[in-house]
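A quick write-up on the structure given underneath.
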Number of protein chains: 2
Amino acid sequence: MKRQDSMGYQINHVARLFAQALRVRVAPHGVVPGQFAQLLALYEQEGVTQNQLCDQVKIDQSTMAHTLQRMERDELIQRVPDPADRRRALIMLTDRAREVQDDLVNAALRVNAVAMRGFTPEQVAVCLELVTRMIDNLEADGSEEEISPREET
Amino acid sequence: MKRQDSMGYQINHVARLFAQALRVRVAPHGVVPGQFAQLLALYEQEGVTQNQLCDQVKIDQSTMAHTLQRMERDELIQRVPDPADRRRALIMLTDRAREVQDDLVNAALRVNAVAMRGFTPEQVAVCLELVTRMIDNLEADGSEEEISPREET
DNA sequence: TATATTTCCATGGCAAGCAATGTATTGCAA
DNA sequence: TTGCAATACATTGCTTGCCATGGAAATATA
């Protein structure tokens, strides 16, 4: 079996190419790929806690803490203490983050268009669906140890 | 548009899940996901230079240098100086690397099986083909600045 | 042959991922 | 009310990715 026939191998490769294509397009705006998912989530809804953001973009809590620190340093977000719970802070976008919103969204759309150049709309839909099913499958795999097997029906 | 409908977003997510699924399965063998592609390439052909390995697994030269250092430290590879060119070294597998080969390949196959659980053979083939086309598209995008545009027909 | 360019690899810097652990706050329970 | 468990976030350590730069060796050129 060749490496190129392994889905995991190819997925890893294409993911690095996506990140790279995004990097060159958003770097001029002072944004890096790892901040992208967080910004998109915050454009949809800001004022959320770090934990909520973790759930939404599905990355580790410690990774999120680091990334938010850089985003705060880069003046993309601001954290306001939650008076209801002093452990938490609510994450707000800065003006600068809103100013680049359109450019970032366009960059993402262009990268997707480049990647799927020559795809029919059906192929795009099929590909997204299959990738989403892989996500579901792998998430189920990763969480099955955490649930006690004896508790399952 | 939702994040979950963006190919780049989903690809990033599924790639992290693949890496994670692989990590838990190969960690007991003292191997980490970032060494995987290199090992597979070396199982096919060893005695290659660092540069050749870069071309084969498509990662940056500096990343390769770091990873090979860790693989040498972990006694997975050995570098023998090339008498024909003293800048180079030929990369050889250790006995330990060969001992875990079957386990690693099986781990990769199991991860792929988990990810594509419920897929028909046709869906597997279609997905692989579409992902490969995205790789080709994105590689073409990344290399077109390096070629002088005036040289194009 | 001396010099300049190119090639190969190493190195340092930063981003971004996970794991494990620490700390403060909250909430529950005795 | 005091003490303990759970929660939220920070921190440290390591891997893996990129970029930019540096040094040594090989190759091309003057």
Side-chain angles (χ1 to χ4, degrees), chain A residues 12-27 30-39 48-55 57-74 76-77 79-91 142 145-146, chain B residues 12-27 30-39 48-55 57-74 76-77 79-91 142 145-146:
Chain A
N12 173 271
H13 188 186
V14 79
R16 284 186 286 114
L17 290 170
F18 263 101
Q20 187 62 13
L22 191 61
R23 188 193 320 276
V24 301
R25 285 167 176 82
V26 300
V31 174
V32 281
Q35 304 169 339
F36 213 88
Q38 286 80 348
L39 284 174
V48 298
T49 68
Q50 179 174 309
N51 225 355
Q52 289 174 295
L53 212 48
C54 281
D55 287 347
V57 308
K58 298 285 171 45
I59 65 165
D60 190 81
Q61 175 268 320
S62 63
T63 301
M64 182 61 78
H66 283 302
T67 298
L68 290 180
Q69 274 178 0
R70 287 188 293 268
M71 292 176 75
E72 196 166 22
R73 179 202 63 190
D74 298 346
L76 289 168
I77 61 156
R79 281 186 273 198
V80 305
D82 185 349
D85 187 336
R86 281 183 299 169
R87 291 171 302 182
R88 296 193 292 220
L90 305 180
I91 301 161
E145 300 101 64
E146 300 162 39
Chain B
N12 172 271
H13 188 184
V14 79
R16 284 185 286 115
L17 290 169
F18 261 102
Q20 186 62 13
L22 190 62
R23 187 192 321 276
V24 301
R25 284 167 176 81
V26 300
V31 175
V32 281
Q35 305 170 338
F36 212 88
Q38 286 81 347
L39 284 174
V48 296
T49 69
Q50 180 174 308
N51 225 356
Q52 289 174 294
L53 212 48
C54 281
D55 287 347
V57 308
K58 298 285 171 42
I59 66 165
D60 190 80
Q61 175 267 320
S62 64
T63 302
M64 182 61 78
H66 285 303
T67 298
L68 290 180
Q69 275 180 1
R70 287 188 294 268
M71 290 176 75
E72 197 166 21
R73 177 202 65 189
D74 298 347
L76 289 167
I77 61 158
R79 281 186 273 200
V80 305
D82 184 350
D85 188 337
R86 279 183 300 169
R87 293 171 302 182
R88 296 194 290 222
L90 305 180
I91 301 161
E145 299 103 66
E146 299 160 42

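We name chains A, B, ... by the order of the sequence lines, and we start the count at 1 in each one.
B:Q50 places none of its side-chain heavy atoms less than 4.5 Å from the side chain of B:L53. No side-chain heavy atom of A:I91 sits less than 4.5 Å from a side-chain heavy atom of A:T49. Contact check for B:M71 versus B:H66: no side-chain heavy atoms found under the 4.5 Å cut-off.
Nucleotides of DNA chain C lying under 4.0 Å from heavy atoms of chain A occupy a range whose first and last members, 5' to 3', are C:dA15 to C:dT26.
Rounded to whole Å, atom C1' of D:dT16 lies 15 Å from atom NE2 of A:H66. The distance from atom CZ of A:R88 to atom C1' of D:dA10 is 17 Å, rounded to the nearest whole Å. Going from atom CD of A:Q52 over to atom P of D:dA8 covers 9 Å, rounded to whole Å. Following rounding to the nearest Å, A:D82 (CG) and D:dT7 (P) show an atom-to-atom distance of 17 Å. Rounded to whole angstrom, the span from the CZ atom of A:R16 across to the C1' atom of D:dC18 amounts to 11 Å. If you measure from atom CG of B:L53 to atom C1' of D:dT16, you get 15 Å, rounded to the nearest angstrom.
Within 4.0 Å of B:Q61, counting heavy atoms only, lies at least one base atom of the nucleic acid. Across all strands, A:T49 comes closer than 4.0 Å only to sugar-phosphate atoms, never to a base (heavy-atom distances). Using a 4.0 Å heavy-atom cutoff across all strands shown, A:A89 reaches sugar-phosphate atoms only and no base atom. Among the heavy atoms of the strands lying under 4.0 Å from A:R70 is at least one base atom, whether or not backbone atoms are also near.
Across every non-hydrogen atom of A:A19 and A:P33, the tightest pair is O-CG, 3.7 Å. A pairwise comparison of heavy atoms in B:R16 and A:K58 identifies NH1-O, 2.7 Å as the closest pair. The minimum heavy-atom distance between A:S62 and A:D60, with the atom names listed, is OG-OD2, 2.5 Å. The minimum heavy-atom distance between B:G30 and B:Q35, with the atom names listed, is O-OE1, 4.2 Å.
The A:A65 side chain lies nearest to D:dT11 when the options are D:dT11, D:dT15, D:dA20. Relative to the side chain of A:Q50, the nucleotides D:dA10, D:dA25, D:dC18 differ in distance, and D:dA10 lies closest.
Along DNA chain C, the nucleotide nearest B:L68 and the nucleotide nearest A:I59 are compared for position; the residue whose nucleotide lies closer to the 5' end is B:L68. Comparing B:D60 and A:K58, the nucleotide of DNA chain C nearest to each residue sits closer to the 5' end for B:D60.
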